[in-house]
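Here is the structure we will look at.
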Number of protein chains: 2
Amino acid sequence: MAAARRLIDRDGWEKLTVRKLAAESGVAPTTLYHHIRDKEDLLKQLLDDAADGLERPSLPSDPHERIIAAATAIHTSLSAWPWLAEVLIADDLTGDAAMWMVETILGAAVEAGRTPEQAVDVYRAIWYYTAGEILVRASASRRRAELDGPTYRDLYILGLDPEAFPHVTSVAEEWPRLAARDTYEAGLRGLVRGLLGVDPERSASSDA
Amino acid sequence: MAAARRLIDRDGWEKLTVRKLAAESGVAPTTLYHHIRDKEDLLKQLLDDAADGLERPSLPSDPHERIIAAATAIHTSLSAWPWLAEVLIADDLTGDAAMWMVETILGAAVEAGRTPEQAVDVYRAIWYYTAGEILVRASASRRRAELDGPTYRDLYILGLDPEAFPHVTSVAEEWPRLAARDTYEAGLRGLVRGLLGVDPERSASSDA
DNA sequence: ACCTGAACACCGTTCAAGT
DNA sequence: ACCTGAACACCGTTCAAGT
């Protein structure tokens, strides 16, 4: 099933079809149905394979930083294969590698003084933020690659009425540049700070 | 094209096909191509229509609360039609109603002391969080509706090794209940607090 | 056990032809 | 201007038949 990954890397996972995969593998389309139950099963297998390959970075002892490290690790892996994130939410987040992130975040949140129930809320907020970042940015960059020019949205923003939308229009020209910046970690830090409160270890020093 | 909305409400927007829409409208499939350029154009028209219908709640004067109100309004509207959020990220977030939310958040962030550039970062973090929440929860509930029983993931979590995943397994039984709770606003408040600093109502100093 | 072609019930889209 | 059937190039999936 390495052929599947090759096709996905080239054309994106939405373009993967049973028939094309068969052709790439030099086999009849119907043959694949001896190895997979249906197309959904094929994607699930690819998902599990990829999930096993996620990296597990070393973890800082400070709970805040540990959450940042775990979330950033997942984020980095998923950014490399955005199709993975899309299958992930279309399907489900499982696999030991993904669970390792959940475990790390829950543990750190509990250590930071949350109840287990609150820790689940912390994890969920982080996952929503992370999944959203991946999905929105992946589809934006795919669209940009297809278009090879300003998107419909960029043009839309430039055409807005400055009286009705003063703040948006004041950054309209800069929007593409600002939107292209990677602000995942900055946002993540804000989120963790807001959810867990100010880090006692770092409250004395200045904070970004 | 109210027929399209009827079909989407019934079967979900992924199931909408040009041919079925034609049948529902009592017309030949090819006829539709006089009103739309292609299927993507059809979805874009539906998107613009729906965006115009978004509600615009009254806004509190406090910048923090104004951001919460704007984000929650968008979140409420999108929750009602999750397909809208999916088209939205597959396509693009435009329309005056959506821009109104952007404008509101940028204005409030600037009022809270951010530069216009930082205000864009605040908006982006909120949008990632909101879009992620909608998309993850929409696909989870759709999956649950299809399955009519515990999901693959629920079972997976229950089968985890307690030694390797102590925190996850300690809440494993409660997971479905915890995951079903609506924690959007709580997470959003944490995010805003973390991004903008402590609520000025509780401390007059602007930090971070 | 593994693979196959034929077939079924679908797709989006084009195009020449009708009113 | 509006609508049409025929046609093309695709889909996922089943199934009886081959080795």
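On a predicted model such as this, the values are computed, not experimentally measured, just so you know. Every chain is numbered from 1, with letters handed out A, B, ... down the list of sequences.
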| Close aromatic pair by centroid cut-off 6.0 Å: A:Y128 and B:Y184 | no
| query | Does the pair B:L42 and B:L21 meet the rule for a side chain to side chain contact (heavy atoms under 4.5 Å, CB included), with working shown? | reply | CA-CA 11 Å; B:L42 167 65; B:L21 176 58; 3.8 Å; yes
| note | Among C:dG12, D:dT14, D:dC11, the one nearest any side-chain atom of A:T17 is D:dC11
| said: Quick check: on DNA chain D, is the nucleotide nearest A:I36 upstream (toward 5') of the one nearest B:H35, or the reverse? Name the residue that is more 5'. | reply: B:H35
| said: Donor-acceptor pair, distance only, cut-off 3.5 Å: does the side chain of A:T183 make one with the backbone of A:A186? | reply: no
| task | Quickly work out the B:R37 CZ to C:dG12 C1' distance and round it to whole Å. | result | 15 Å
| task | Tell me which nucleotide among D:dT13, D:dC3, C:dG12 gets nearest to the side chain of B:T31. | result | D:dC3
| Hey, is the side chain of A:T30 pairing donor to acceptor with the base of C:dG5 inside 3.5 Å? | yes
| said: Is it the case that over 12 heavy atoms from other parts of the model lie below 6.0 angstrom from the CD atom of B:E14? | reply: yes
| query | For C:dG18, what is the paired nucleotide under Watson-Crick or G-U wobble rules, both distances under 3.5 Å? | reply | D:dC2
| field | Distance, P atom - from D:dC10 to C:dA9, rounded to whole angstrom | value | 22 Å
| field | A:D41 CG to D:dG12 C1', straight-line distance once rounded to whole Å | value | 14 Å
| remark: In whole angstroms, the gap separating P of C:dC2 from CG of A:L32 amounts to 14 Å
| Between D:dT13, C:dT4, C:dT13, which one does the side chain of B:Y33 approach most closely? | C:dT13
| request: Please report the C-alpha distance between A:L16 and A:L46 in whole Å, then the side-chain angles of each, then the deciding distance to 0.1 Å, and finally whether the side chain to side chain contact (heavy atoms under 4.5 Å, CB included) criterion is met. | output: CA-CA 12 Å; A:L16 179 67; A:L46 286 169; 4.2 Å; yes
| query | For D:dG12, what is the paired nucleotide under Watson-Crick or G-U wobble rules, both distances under 3.5 Å? | reply | C:dC8
| field | Nearest-angstrom distance from the residue atom CG of A:L42 to C1' of D:dT13 | value | 14 Å
| query | For B:L21 and C:dC11, what is the distance between atoms CG and P respectively, to the nearest whole Å? | reply | 12 Å
| Spacing of B:L43 atom CG relative to C:dG12 atom P, expressed in whole Å | 10 Å
| query | Just how far, in rounded Å, is P of C:dC10 from CG of A:D38? | reply | 18 Å
| said: Rounded to whole Å, how long is the line connecting atom NZ of B:K39 with atom C1' of C:dC11? | reply: 8 Å
| query | Would you say a side-chain N or O of B:H34 is under 4.0 Å from OP1 or OP2 of D:dT4? | reply | no
